[in-house]
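Protein chains get the first letters and strands the later ones, always in sequence-line order, with residue 1 at the start of each. Only this structure's heavy atoms are used, side chains among them; waters, hydrogens and symmetry mates stay out. For clarity, every value in this text was computed on a predicted model and none was experimentally measured.
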2 protein chains.
Amino acid sequence: MAPWTQPGLDGVDVASVVERVRSHVRPTTFIESERLDRAVGNGVRVLLVSETFQHTGSFKFRAAMSVSLHTKATKLLTASSGNFGAALAAAAARTGKACTVVMPAKSAEVKVAAVRSYGATVDLIDTAKVTRAARVEELHRADPSAMLASPYDDPHVIAGNASLGWEILTLPPERYPDVVVAPVGGGGLSSGVVVARNWIGASRPVWGAEPLAANDAARSFRSGHLESNAEDEPPTICDGARTASLGKRNWEILHSGRGLEGIVEADDSTVGAAVRLLFTAANLKAEPTGALSLGAVLTAPEKFSGKRVACVVSGGNVDVELYCTLVRKP
Amino acid sequence: MAPWTQPGLDGVDVASVVERVRSHVRPTTFIESERLDRAVGNGVRVLLVSETFQHTGSFKFRAAMSVSLHTKATKLLTASSGNFGAALAAAAARTGKACTVVMPAKSAEVKVAAVRSYGATVDLIDTAKVTRAARVEELHRADPSAMLASPYDDPHVIAGNASLGWEILTLPPERYPDVVVAPVGGGGLSSGVVVARNWIGASRPVWGAEPLAANDAARSFRSGHLESNAEDEPPTICDGARTASLGKRNWEILHSGRGLEGIVEADDSTVGAAVRLLFTAANLKAEPTGALSLGAVLTAPEKFSGKRVACVVSGGNVDVELYCTLVRKP
């Protein structure tokens, strides 16, 4: 039998990356709630997989540690809507590296402050004038010794995120999910879950949850080609999923024979309802992108009825004003 | 050597209660946050012990299951500002018993709804006209076969809460706290932690955290006698600690030679700051009473500097309007 290989990973050894990353990250927090299950209905039993208590408050720390532990560069450079920036800044600090993060000037204040609090340099840009990708490439040309870290389109990022998939798909039988749902932005998280699933030989379907207003991945699945959003910063409250398109490696992994089962598109109103439901019925503070998985279950209940659904809550970092607007809405 | 005995427990076997309760409750959630530690300062390392994801969203489910598993009565009756009511309702439902909960008409809406959602009868009273205790005794006289369950002044309640103390004080060395801080209302939770500490022969000090506006316990410690609040419903945002006084058994346990180290009184403004800090720096949704322990650390930092402090976050059930008022305040 040929050894297991995963397209899109450039031969990176998932097992050793997952083992190394696991020694640096916090285990995820599994949360169940009868109140939430009653509110969702359809016999769905939700298993929240919360990365809101991870270092830096999101799953991105897994990928950031993976990258920072792997690279020999002493300076890391990235463009990020916030969570990957904070995670890379924290990972750089822990591994003795410098870090610069390019962020849209309109990023959530808490996210800019978080990146700075970990000692990194924040490079704020007006996204109406320059794209994040263009600015980060400009900085890279100025200092080619720096490592340009992609938040999603990188084999070490994907393998780092596989550490979360491993935690979900090695649960004991009484919690083992029938299906996993993960938010989709650039595709780094969902690729990580799919890779972990394929690596350990599990068979559970993995669904993506994407904002309707930034549905490049869903359209890519429909057309069979990698599609992009018309706008560079699509107008959705899910700021962690405001990517122009999936990464090439992520597309390769997610669209392969053993990729995603499919993608559910959740509109912002439903994502807001999911944020509210996590607050009222599970006492869980989630950021909008983090509530996408539950939003997908609310959007397409027929896909999940009667199932134990692991909903990945990717992060909890959200501006207080936006959060209160969402949870107060009737 | 004489066998260990604990005053105030009427000979209840703590070991067997803790073992039984642990098989019915969720393990507590331990949360650490570098951001929180930086914000608290003084070299304090906070270990949040969160019962916000416990069944019914608060630690009270531990006590309620203990009581409901123990009693032969088929109907349970209690007065509660909410969390114990919801917990007893849920415990009654799981053990096939009926349940009536007397609640102040001005209770948080979410708490009244929660009690009803578990199938219990809610008896709303105007606390300006009748005390909770008087009303519950009236109901008990009408149906003496019902078991009148105290939320705190009961050996099975205290032993049930000891299951949480056991979880904290059997942590591995890298997380083992130097000191434990727990909210004090009627004294059921702090008694449980103290009893667990004494039972397993641990030596860590346990501090109580009490609202300044309902500081009967702190005054009792100063005078050496059980004191009461002037008002039956003291005006504090910590609705779980609006008790008139400590229970008699709780006072006996907390004021004994191996009782509480002391009590820190936190004003509502500091408790609000603690709620906000848990939101911004730890992604944790806590109710005001749940934030009392962190409020105590903020109030008296000199008592905790340089220490690993286990802060019990007793529950997370809070009305959205109050919550947003607290977290939005600059």
Point to revise | Atom group of A/Glu321 that falls short of 4.5 Å from chain B, counting heavy atoms | key: side chain
Exercise for review: Could you tell me which portion of A/Thr52 (side chain, backbone, both or neither) has an atom closer than 4.5 angstrom to a non-hydrogen atom of chain B?
Suggested key: both
**Study point:** B/Leu48, part contacting chain A, at a heavy-atom distance under 4.5 Å
**Key:** neither
Study note, to complete from the structure: Bottom line for A/Phe279: the part with an atom under 4.5 Å from chain B's heavy atoms is both
Review point. Does A/Arg38 count as lying over the ring of B/Tyr118, i.e. NZ or CZ under 6.0 Å from the six-ring centre, within 45 degrees of the axis?
Key: yes
**Study point:** Option in B/Leu284, B/Asp319, B/Asn317 with maximal non-hydrogen atom pairs under 4.5 Å from chain A
**Key:** B/Asn317
Exercise for review: Hey, could you give me the CZ/CG distance between B/Arg45 and B/Leu36, rounded to the nearest 0.5 Å?
Suggested key: 13.0 Å
Practice item. Look at A/Val318, A/Val320, A/Asn283 and state which one has the largest set of heavy-atom pairs under 4.5 Å with chain B. Key: A/Asn283
Practice item. Answer yes if the side chains of B/Glu51 and B/Thr28 hold a donor-acceptor pair under 3.5 Å, and no otherwise. Key: yes
Review point. So, does A/Thr56 use its side chain to make a donor-acceptor pair with the main chain of A/Ala86 at under 3.5 Å?
Key: no
Check your understanding: Between A/Arg94 and A/His24, do the side chains contain an N or O donor and an N or O acceptor separated by less than 3.5 Å?
Key -> no
Review point. Heavy-atom distance under 4.5 Å to chain B: side chain of A/Ser50, backbone, both or neither?
Key: neither
Exercise for review: With rounding to the nearest 0.5 Å, note down the distance linking CZ in B/Phe30 to OG1 in A/Thr29.
Suggested key: 12.0 Å
Check your understanding: When heavy-atom pairs shorter than 4.5 Å are enumerated against chain A, which of B/Gln54, B/Glu32, B/Glu287, B/Glu34 gives the highest number?
Key -> B/Glu34
